[in-house]
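Since the structure comes first, as structure tokens, the remarks are kept for the end.
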Amino acid sequence: MNPLYDYLYGSNMFGLAAMLAQDMSANDYFASLTPEVQQEINEHEDEIHSVEDMKRFVARLRLTD
């Protein structure tokens, strides 16, 4: 296991962490976001099941800023 993944996502590879580990485009997109947006995503990971979901979630965050 990658120690950075353990630190960022925990050692249990479920949900968002699993998606990021398996989908490089999702991982690259997530890594390009600010730490604040990443935290928001982590807090709402039950709503995010694909990179498209993540992009929609980020778009909603930007509309409310």
Side-chain angles (χ1 to χ4, degrees):
M1 177 57 58
N2 182 330
L4 180 59
Y5 271 93
D6 285 345
Y7 172 74
L8 292 174
Y9 314 117
S11 59
N12 291 328
M13 295 298 292
F14 297 105
L16 179 64
M19 179 185 70
L20 294 175
Q22 295 172 5
D23 183 339
M24 288 310 296
S25 67
N27 190 17
D28 291 345
Y29 180 71
F30 184 82
S32 74
L33 300 170
T34 66
E36 295 82 11
V37 173
Q38 290 178 4
Q39 181 62 37
E40 287 288 332
I41 289 170
N42 283 320
E43 291 174 6
H44 296 270
E45 69 177 318
D46 59 320
E47 302 171 35
I48 300 168
H49 308 288
S50 67
V51 70
E52 292 81 17
D53 289 346
M54 192 182 325
K55 288 179 180 180
R56 280 191 293 274
F57 182 82
V58 170
R60 285 196 319 259
L61 283 178
R62 291 185 175 148
L63 287 175
T64 60
D65 284 344

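When the side-chain hydrogen bond (donor to acceptor under 3.5 Å, both in side chains) test is applied to Gln22, no partner is found at least two apart in sequence or on another chain. Glu43 meets the side chain to side chain contact (heavy atoms under 4.5 Å, CB included) test with Gln39, Glu40; sequence neighbours excluded. Among residues two or more places apart in sequence or in another chain, the side-chain hydrogen bond (donor to acceptor under 3.5 Å, both in side chains) test is passed with Asp23 by Ser25. Residues meeting the ring-ring contact (aromatic ring centres under 6.0 Å, His included) test with His44, sequence neighbours left out: Phe57. Remark: Ser32 engages Tyr29 in a side chain to side chain contact (heavy atoms under 4.5 Å, CB included) (not counting sequence neighbours). Partners of Asp53 by salt bridge (charged side-chain N to carboxylate O under 4.0 Å, His left out), not counting sequence neighbours, listed by chain and number: Arg56.
Rounding to the nearest 0.5 Å gives a distance of 5.0 Å between CD1 of Ile41 and CG of Leu33.
Scanning all heavy atoms of the two residues, the minimum distance from Met19 to Ala26 falls at CE-CB, 4.2 Å.
Between Phe30 and Val58 the shortest side-chain heavy-atom distance does not fall below 4.5 Å.
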